[in-house]
Every structure is written in structure tokens, then in C-alpha cells.
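Model, not experiment: these values are computed from the prediction. Just so we're on the same page: letters track the sequence lines, and every chain starts at 1.
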Protein chains: 2
Amino acid sequence: MRPSRRDELVQKALQVFYRNGFHATGMDQLVRETGISKTSMYKYFQTKDDLILACLHVRDVQFRHWFANRVEALEPRREHQLGVIFDVLDEWFSSPDFKGCMFIKAAAEFQEPDHPAHMISARHKCLMVDYIQDLAHQAGLVRTRALAGQLGLLIEGAIIMARFGNAAQAVKDARTAAKILSAAHENDGS
Amino acid sequence: MRPSRRDELVQKALQVFYRNGFHATGMDQLVRETGISKTSMYKYFQTKDDLILACLHVRDVQFRHWFANRVEALEPRREHQLGVIFDVLDEWFSSPDFKGCMFIKAAAEFQEPDHPAHMISARHKCLMVDYIQDLAHQAGLVRTRALAGQLGLLIEGAIIMARFGNAAQAVKDARTAAKILSAAHENDGS
DNA sequence: TTGTAAACGTACCGATCGGTACTTTTAGAG
DNA sequence: CTCTAAAAGTACCGATCGGTACGTTTACAA
């Protein structure tokens, strides 16, 4: 466990970027809020962008692990886990420091499609859809690629709508829609 | 048509903000890209934030008018207009200068829920859902509030996914899901 | 042609930006 | 205690930030 200081920096910077935005957060503010000197920061990361990319990478791993762990905790039976993904989302939206999806925000601030931050974000969304498809497969559903794509749209839409006003309504709509769409992908259906 | 110069500023600044982001776009860059002097800018708007808010307001009106006009053009029969909203989205995603939803990006850069930019964005999304509900009503469907909420999630999700890689896949998934969800809201259903 | 108001260009303000140089303090190992 | 390496602190760099002051040019109306 050597690089604890570096990990601590990434972890704290991650929270500040998440709460305050990337461009809007200056390095001096990071010094203030993390308690880590600028000298150390620039020893670990050559540029601010490098630090941002490290934060996004950690966030990607952490978020997907957290999500899968919450699914597992709420529903241990694998064939029923697809049914609880919007309960996990609801937990996320209801957490006091929920501020939307970090990757949607990263893509909003780094718009060039070939920017590393943009690519990490796209990959994160792709991996989430892959995970949803895996849950659909374990639920014994058919045409899981199409279903996962559709549920992915509901998830992203719910994240957006949760940021604008009523998160409860977004979760409710998403849950209802997900049940209808999933029912259309049962092996006996069309 | 007196205030042409001011409108011209808003129109051009809107495009630069849309393409380049809000914080990432400086006033000097706006002078360069719009050809309007900084003196004039600050005569029309006291602060950069005021200019941003004016841009968002214009964008809100323009986008909703554009969207409704395209729906009308693709399908004049009102009872069938709900079926073409993803064709209009497809047009938008396919336009060469598509860079996502300006209001999602505004909410990403101005995170405080009571920030005017955030509130304008939330209101825009709300008005879009209202419009979808109106189309659902004209299509003779039932429980239009729930259906509009669900279709709204699909729309926002498609916008997000279109920014990350394959827009065509997002439109295809959204169209399929929308048909299933709409069918569940026909007056003979459920 | 003159008067007038709007727009322009330029130079500038203090503050902050990302990033660097250099010295001092801390902490753990021998 | 001493040596060493890491971290901190401070002061600073040029560039850019949002915003202002002020004199010049444009364009149109009388």
C-alpha cells in the first residue's frame, strides 16, 4: 500500500470535480480542498488534464463496482437482478450528494469526440450497457442486445431527469417502462 | 427590426457556446468569432452570465419551434405525429454540427439547482415532455402523462447515447421501445 | 454637410488560470 | 541522532480571465 498519498489525491479531487465541475475547479482550489500541496500534485500528474483522466478512470471502476454490489445486495438471485436496477438508481438519486453522472458532465466539458475524457466516458456507458445485457441474459430473456440498449436509454434519461426537478417521477416512469419492455423480451413473447 | 445587432450577437454567441462550452469560451474569443466588439457586448449585457442566459432562452424557443415544425413537416396528420418524434431526433443527431443538448451541457456547467441556467434548462425539458404528452393525447392514447414521461426518458437517453458513439443504434433502440410503450397505452389496452 | 448615436479598437484593470523553482519541514529507517 | 526522501510552503511565471475607460470610426438623419 505504498501510493496512498496519490490515491488520496485522486479520491478527493474526484469529489471536488464532481461537485464543482472540471473547468470551474482551479488547481489552487484543489490545494485548499484536498490539503495536498501543488508541488505533490504535479509530481504525481504532469498536467491538470492527467489528474482529471485519473479521476475519471477511478470513478468508472468505482461506480460500476458500486452499482453491481448494490444489485447483488438487493437481489441475490441472479435471474431476478434485472428487476432491481432502478431501485439502485433510486438509491443513487436519493443520496445527499448526488450531482448527476460524472461522465455525462465530462463529455459536456470536453466535447471533442477524440478527447480522452470523452472516450473514457463513452467506454463507461458501453460497459454499463454490457452489464445490463448480462443481467438480461441471466434473467432468461431473448434479444438481450436490443433490450439492454432500450434499458440503457431509460437509465440515461432517468439520470438526466433526476437532475432536473423530480427524481422520484423519473424513477417511477423508468421502472414502469422497464417492466413493459422486459415483458416484451420474454422467451414466449413475439 | 431595430435590435438586429443584439440578436445577431446572441445568435452567434449561442453557436460558440454550443460548440465550445460556456466556461471554456472567453469573451475575447466571442469578440473574435462574432465580429462584435466587447464594448457593444457589455452595452447589451452587463455580465457574461447575462449573455449566457439570453442565449439559453433563445435556444429554448428556437429548438422547440424547430422540433414542432419538423414533426409537422414529416407528418401533417396530428393523430400520427407521435410516431415521428424519433425521426426528428434522427435528423438532429445526423446534422453535421450536432453536439448534444445545450441544456444538458448548461446544467453540467452550472450545477447549483437554483442557478438561472439550471432552471431554464429544467423548464425546457418540462416543456418538451408537455409537448410529447400533447402529441400522445392527439393520438388518442390513454394515461398520456405516464407515457410522455417514459418517452421523455427515451429521448434524453437517446441524446446522451448519440453523443457517445453510435447515434444510429440509439435511435433504433428508442424507436423500438417507443412503439412498445405506446402500444401499451392504447385505449383498448391494459 | 453637419449632428448624433451607435459601434468599434485598443489599451488597460485586478484576479485568477495552469504550472514551475526553490527552500523548509516532516517522517521513517539505520 | 543522523541520513534521506517525500511532502509542504511560498513566491513567482506568462497567459488569460471577466470587465472597464476612452478615444475613433461608421452610418444615418436633418
Side-chain angles (χ1 to χ4, degrees), chain A residues 1-58 105-106 108-112 115-118 120, chain B residues 1-58 105-106 108-112 115-118 120:
Chain A
M1 272 310 148
R2 283 180 21 265
S4 75
R5 199 75 175 146
R6 177 191 168 116
D7 291 354
E8 185 186 347
L9 164 62
V10 172
Q11 201 59 47
K12 289 185 176 177
L14 173 52
Q15 296 171 13
V16 180
F17 283 137
Y18 179 62
R19 171 181 7 110
N20 207 58
F22 299 97
H23 287 135
T25 300
M27 296 303 284
D28 292 303
Q29 181 180 353
L30 283 181
V31 171
R32 261 179 271 125
E33 297 215 32
T34 67
I36 295 175
S37 69
K38 208 190 278 194
T39 318
S40 300
M41 287 186 182
Y42 278 96
K43 184 154 48 183
Y44 298 137
F45 304 99
Q46 286 78 355
T47 67
K48 180 187 181 184
D49 275 11
D50 288 348
L51 172 59
I52 290 174
L53 292 181
C55 289
L56 287 175
H57 180 257
V58 166
K105 298 194 284 188
E109 293 207 49
F110 305 99
Q111 302 214 58
E112 308 78 29
H115 190 291
H118 206 111
I120 287 183
Chain B
M1 273 311 146
R2 283 174 23 262
S4 75
R5 200 70 175 150
R6 179 191 167 116
D7 292 354
E8 184 186 349
L9 164 61
V10 172
Q11 200 59 46
K12 289 185 176 176
L14 173 52
Q15 296 171 13
V16 180
F17 284 135
Y18 179 64
R19 172 181 6 111
N20 207 56
F22 298 98
H23 288 134
T25 299
M27 296 303 282
D28 293 301
Q29 181 179 353
L30 283 181
V31 171
R32 261 180 270 123
E33 298 216 32
T34 67
I36 295 174
S37 68
K38 207 190 279 195
T39 318
S40 300
M41 287 185 181
Y42 279 95
K43 184 152 45 182
Y44 299 137
F45 304 98
Q46 286 77 355
T47 67
K48 180 188 180 184
D49 274 11
D50 288 348
L51 173 59
I52 290 175
L53 292 181
C55 289
L56 287 175
H57 180 258
V58 166
K105 297 195 285 190
E109 293 206 50
F110 305 99
Q111 303 215 57
E112 309 79 27
H115 189 291
H118 206 109
I120 287 183

Please state how far atom [atom1] in [X] lies from atom [atom2] in [N], giving the value in whole angstrom units.
X: A/E8; N: D/dA8; atom1: CD; atom2: C1'; result: 14 Å
X: B/K48; N: D/dT16; atom1: NZ; atom2: P; result: 15 Å
X: A/L30; N: D/dA8; atom1: CG; atom2: P; result: 13 Å
X: B/K43; N: D/dA21; atom1: NZ; atom2: P; result: 14 Å
X: A/R6; N: D/dA7; atom1: CZ; atom2: C1'; result: 15 Å
X: B/M27; N: C/dA15; atom1: CE; atom2: C1'; result: 17 Å
X: A/Q46; N: C/dT20; atom1: CD; atom2: P; result: 9 Å
X: A/F22; N: C/dC17; atom1: CZ; atom2: P; result: 17 Å

Of all the nucleotides listed ([options]), which has the minimum atom distance to the side chain of [X]?
X: B/Y44; options: C/dA7, C/dC8, D/dG19; result: C/dA7
X: A/I36; options: C/dC8, C/dA6, D/dA8; result: D/dA8
X: B/Y42; options: D/dA7, C/dC22, D/dG18; result: D/dG18
X: A/D28; options: D/dG9, C/dC8, C/dC17; result: C/dC17

Q. A/V16 versus A/R32: any side-chain heavy-atom pair under 4.5 Å?
A.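 A side-chain contact is absent here, since even the closest heavy-atom pair is not under 4.5 Å.
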Is a side-chain N or O of [X] found less than 3.5 angstrom from the main chain of [Y], in a donor-acceptor match?
X: A/Q111; Y: B/R19; answer: yes
X: B/E33; Y: B/K12; answer: no
X: A/E8; Y: A/T34; answer: no

Q) Can a donor-acceptor pair under 3.5 Å be found between the side-chain atoms of B/T39 and the base atoms of C/dG9? A)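 When only heavy-atom distances are counted, B/T39 does reach the base of C/dG9 through a donor-acceptor pair under 3.5 Å.
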Q: Mark yes or no for a side-chain to base donor-acceptor pair under 3.5 Å between B/K38 and C/dG9, with no hydrogen or angle criteria applied.
A: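 Flag unset: no donor-acceptor pair detected.
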Q: Using a heavy-atom cut-off of under 4.0 Å over every strand shown, decide if B/F45 touches base, sugar-phosphate, or nothing.
A: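 The residue B/F45 makes no contact with any strand.
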Q: Taking the six-membered ring of B/F22 (Phe, Tyr or Trp), confirm whether the NZ or CZ of B/K105 is under 6.0 Å from its centre and within 45° of its axis.
A: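 No - B/K105 does not lie over the ring of B/F22 by the 6.0 Å and 45° rule.
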Q: Could you pick out which residue, A/M41 or B/Q29, lies toward the 5' side of DNA chain D when each is mapped onto its nearest nucleotide?
A: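 Between the two, 5'-proximity favours A/M41.
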Q: Indicate whether OP1 or OP2 belonging to C/dC8 is found under 4.0 Å from a side-chain N or O atom of B/S40.
A: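 Yes.
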